[in-house]
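A quick write-up on the structure given underneath.
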Amino acid sequence: MQPPGAAPLALLGVLLLRGVHTVLTLEIKVDAHVRGYVGEKVKLKCIFKSTSSVTDKLTIDWTYRPPSSSRTESIFHYQSFQYPSTAGTFRDRISWVGDVYKGDASISISNPTTRDNGTFSCAVKNPPDVHHNIPLTELTVTERGFGTMLSSVSLLSILVFIPSAVVVVLLLVRMARKSAGLRKRGRSGYKKSSIEVSDDTDQEEDDCMARLCVRCADCLDSDYEDTY
């Protein structure tokens, strides 16, 4: 014979055990702080991990709350299909960039402005796995500063202009040395052999620019000598 109250306690224990097995949890991760720039698309990342397989019952909801305000605005809904907001601040500017089968519920914002600053939340439900934390993302959109632009220009200079400048300097040094050698030979009355003439001809054919510079230098040098 069971003591009084044993049956209700046993029933309560069964219910609790059943509750433990049926109430599942989702794990969601987002970037706590995201920085964007005016006019440049920004991504809001949301990764979830469910203990249940993804079905057509899975839903995703993104909401937005302006700074210093308790008012929230729904900006994106997903359930088998994408339903971005067609009204309000983010009208026609929200794009789906996630993949629910990979646990990705991310979205992106096109043409962001400083008025988009605020708090975003990502909520995911995958029945029966519906209970989870609601992580928040703080978005800060700013104008690209002069320092950022300068860094981009500096990087471009390093990758493009500096190597080009080095090549030009090397070519100028080579042409200057050749021009100096020709002037020295001309002043000393040195006469080239047929072999040397052939070698110089082949070299000039390989480098048209060098040949033109040498001839110009010779002309200038002869004019300079005729003056005296």
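With side-chain heavy atoms closer than 4.5 Å counting as contact, directly or through intermediates, the hydrophobic cluster containing F81 also holds Y83. If you chain together ILVMFWY residues whose side-chain heavy atoms come under 4.5 Å of each other, I134 ends up in a group of its own.
Taking the side-chain hydrogen bond (donor to acceptor under 3.5 Å, both in side chains) definition, one finds that E40 meets it with R144, sequence neighbours left out. For the side-chain hydrogen bond (donor to acceptor under 3.5 Å, both in side chains) test, no residue two or more places apart in sequence or in another chain qualifies with S95. With sequence neighbours excluded, the residues that form a salt bridge (charged side-chain N to carboxylate O under 4.0 Å, His left out) with E27 are K29. With sequence neighbours left out, the side-chain contact (heavy atoms from CB on, under 4.5 Å) criterion links T55 to K57, N126. Listed by chain and number, the residues in a side-chain hydrogen bond (donor to acceptor under 3.5 Å, both in side chains) with S108 amount to none (sequence neighbours excluded). With sequence neighbours excluded, the residues satisfying side-chain hydrogen bond (donor to acceptor under 3.5 Å, both in side chains) with E138 are T119.
Y64 places a side-chain N or O within 3.5 Å of a backbone atom of N117 that can act as its donor or acceptor partner. Checked by atom type and distance alone, the side chain of H132 pairs as donor or acceptor with a backbone atom of V124 at under 3.5 Å.
In this structure, T137 and D31 approach most closely via the heavy-atom pair OG1-O, 2.9 Å. Between V100 and F48, the closest heavy-atom pair is O-CZ, 3.5 Å. Contact record, P135 with V30: CB-CG2, 3.5 Å, taken as the closest heavy-atom pair. Between P112 and Y37 the shortest heavy-atom distance is CG-O, 3.5 Å. Minimum heavy-atom separation, T114 to V141: CG2-O, 3.4 Å.
The ring of F90 has its center closer than 6.0 angstrom to the ring center of F120.
Applying the salt bridge (Lys or Arg N to Asp or Glu O under 4.0 Å) definition to pairs two or more places apart or across chains, none involves residues 42-56. Judged as a salt bridge (Lys or Arg N to Asp or Glu O under 4.0 Å), the pairs with a partner in residues 87-115 (not counting sequence neighbours) are, in order, R93-D116. Judged as a disulfide bond (SG atoms under 2.5 Å apart), the pairs with a partner in residues 107-137 (not counting sequence neighbours) are, in order, C46-C122. Judged as a salt bridge (Lys or Arg N to Asp or Glu O under 4.0 Å), not a single pair has a partner in residues 61-86 (not counting sequence neighbours).
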Evaluate the criterion side chain to side chain donor-acceptor pair (under 3.5 Å) for residue pair S121 and T63; output intermediate values, then yes/no.
-> CA-CA 5 Å; S121 64; T63 59; 2.3 Å; yes
Could you go step by step and tell me if I75 and I107 meet the side chain to side chain contact (heavy atoms under 4.5 Å, CB included) rule?
-> CA-CA 10 Å; I75 62 173; I107 60 173; 4.2 Å; yes
Begin with the C-alpha distance, continue with both residues' side-chain angles, and end with the deciding distance and a verdict on side chain to side chain contact (heavy atoms under 4.5 Å, CB included) for K125 and L58.
-> CA-CA 6 Å; K125 294 182 180 180; L58 179 141; over 6 Å; no
